[in-house]
Amino acid sequence: MEIDLESLKKQQIELSKKLILKDRINIDEIRYIAGIDTTFLNPYQNPTLAISSIVVIDIKSFEIVEKVLAEKEIDFPYVPTFLAFRELPVILEAYKKLEIKVDVFILDGQGILHPRRMGIASHFGVITDTVSIGCGKTPLYGKYQDPPNQDLAYNFIYDPKTNEKIGYALRTKKNTKPIFISPGNNISIENSLYVIIKSLNGYKLPEPVRLAHNFLSDYRKKLIGG
DNA sequence: GCGACAG
DNA sequence: ATCTTGTCGC
């Protein structure tokens with residue numbers, strides 16, 4: 001499939017004008033937090049089957065309150081800074097199936113830590129008009145220094161063009177690599193970090209994202225087996 | 001021009 | 001992103 005990247009860039013720039021980096025909800029009223037993850041049957045092949053899961057937990061107990069899954073044939077390759085155009089179609093299918101009212105969505109990927117402020121978490125948050133946060137496992141954009149090797153150490157990440165603060169490198173556990181946190185939409189930079197820290201449950205990744213990933217792994221095995 | 005580049 | 005065993009270190 002051929003792609004007009006310049007046209008997609010313009011779309012991202014237009015969407016970025018709708019970004020809101022202020023808190024839509026009171027941080028203490030957050031109860032249901034969702035993790036979103038996507039897998040591909042054959043990531044090296046286009047088109048291929050994509051599967052997305054959303055797992056919602058009650059932050060007071062870390063218990064699962066809802067989990068949904070969706071499948072969709074995807075014909076868009078992985079291109080850095082254009083991830084949303086590959087994964088969002090399946091994610092939105094899963095999103096439609098949700099019945100519970102989610103307070104915050106955490107996406108596996110960046111929010112505004114992106115050259116046009118439109119990582120997949122921001123793209124999702126603008127399209128659905130929800131509160132969203134980006135949580136990447138490796139960096140994509142921005143300048144930062146590695147946080148010290150201790151639990152919950154973090155440093156700001158800066159936009160190299162403007163020197164604005166646009167996110168955090170957060171070491172969630174000692175002796176693990178940092179993760180990369182930024183607002184998706186409708187939340188401030190500071191509270192993005194706060195929510196992620198509140199979502200940790202002893203593992204490197206926030207619990208909703210970790211559960212969404214595990215859910216996909218289990219489903220994938222069943223799919224292959226029979 | 002070169003390197004870097006979420007999943 | 002997927003697949004997989006072993007190995008090292010807190």
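Computed from a predicted model, the values in this text were never measured in an experiment. Naming: A, B, ... by sequence-line order, numbering from 1 per chain.
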Would you say Tyr141(A) places a side-chain N or O within less than 4.0 Å of OP1 or OP2 belonging to dA6(B)?
no

Going by atom types alone, do Asp75(A) and Asn46(A) pair a side-chain donor with an acceptor below 3.5 Å?
no

Kindly confirm whether the side-chain ring of Phe180(A) is stacked on the base of dA6(B), judged by centres under 5.5 Å and planes under 30°.
no

How is Ile120(A) classified with respect to the nucleic acid when contacts are heavy atoms under 4.0 Å: base, sugar-phosphate, or nothing?
base

Separation of dC3(C) atom P from Phe40(A) atom CZ, nearest Å, is 14 Å

Looking across every strand, which nucleic acid part, if any, lies under 4.0 Å from Asp108(A) by heavy atom: base, sugar-phosphate, or nothing?
sugar-phosphate

Taking only the side-chain nitrogens and oxygens of Lys137(A), find out if one of them lies under 4.0 Å from OP1 or OP2 of dG7(B).
yes

Just how far, in rounded Å, is C1' of dG7(B) from NE2 of His123(A)?
15 Å

Could you go step by step and tell me if Phe156(A) and Tyr168(A) meet the ring-ring contact (aromatic ring centres under 6.0 Å, His included) rule?
CA-CA 4 Å; Phe156(A) 278 110; Tyr168(A) 302 89; 4.9 Å; yes

What is the distance, to the nearest angstrom, from the CD atom on Glu71(A) to the P atom on dA1(C)?
19 Å

Without decimals, in angstroms, what is the distance between Ile36(A) CD1 and dG7(B) P?
15 Å

Please walk me through it: do Tyr144(A) and Phe180(A) pass ring-ring contact (aromatic ring centres under 6.0 Å, His included)?
CA-CA 10 Å; Tyr144(A) 69 98; Phe180(A) 300 85; 5.3 Å; yes

When all nucleic acid strands are considered with a 4.0 Å heavy-atom cut-off, which category describes Gly119(A): base, sugar-phosphate, or nothing?
base

Met118(A) has an atom CE; how far is it from atom P of dA6(B), in whole Å?
19 Å

Is it the case that the ring center of Tyr95(A) lies less than 6.0 angstrom away from the ring center of Phe124(A)?
yes

Quickly work out the Lys9(A) NZ to dC5(B) C1' distance and round it to whole Å.
13 Å

Atom pair distance, as rounded to whole Å: OH in Tyr78(A) and C1' in dA4(B)
11 Å

Between Lys174(A) and His213(A), which is nearer to the 5' end of DNA chain C once each is assigned its nearest nucleotide?
His213(A)

N/O donor-acceptor pair, side chain Tyr44(A) with base dA1(C), under 3.5 angstrom:
yes

Measuring from Ser53(A):OG to Leu216(A):CG, what's the distance to the nearest 0.5 Å?
3.5 Å

How would you label the contact of Glu87(A) with the nucleic acid (heavy atoms, under 4.0 Å): base, sugar-phosphate, or nothing?
sugar-phosphate

When rounded to the nearest 0.5 Å, the distance separating CG of Leu41(A) from CD of Glu73(A) is 9.0 Å

Ranking Thr38(A) and Asn175(A) by the position along DNA chain C of their nearest nucleotide, the one closer to 5' is Thr38(A)

Does a side-chain N or O from Arg86(A) land closer than 4.0 Å to OP1 or OP2 of dA6(B), or not?
no

Contact class for Phe82(A) (heavy atom, under 4.0 Å): base, sugar-phosphate, or nothing?
base

Phosphate contact (dG7(B) OP1 or OP2) by Thr39(A) side-chain N/O below 4.0 Å:
no

Considering only side-chain heavy atoms of Leu140(A), which listed nucleotide, dC3(C), dC5(B), dT2(C), is closest?
dC5(B)

Ile74(A) CD1 - dA1(C) C1' separation (whole Å)
13 Å

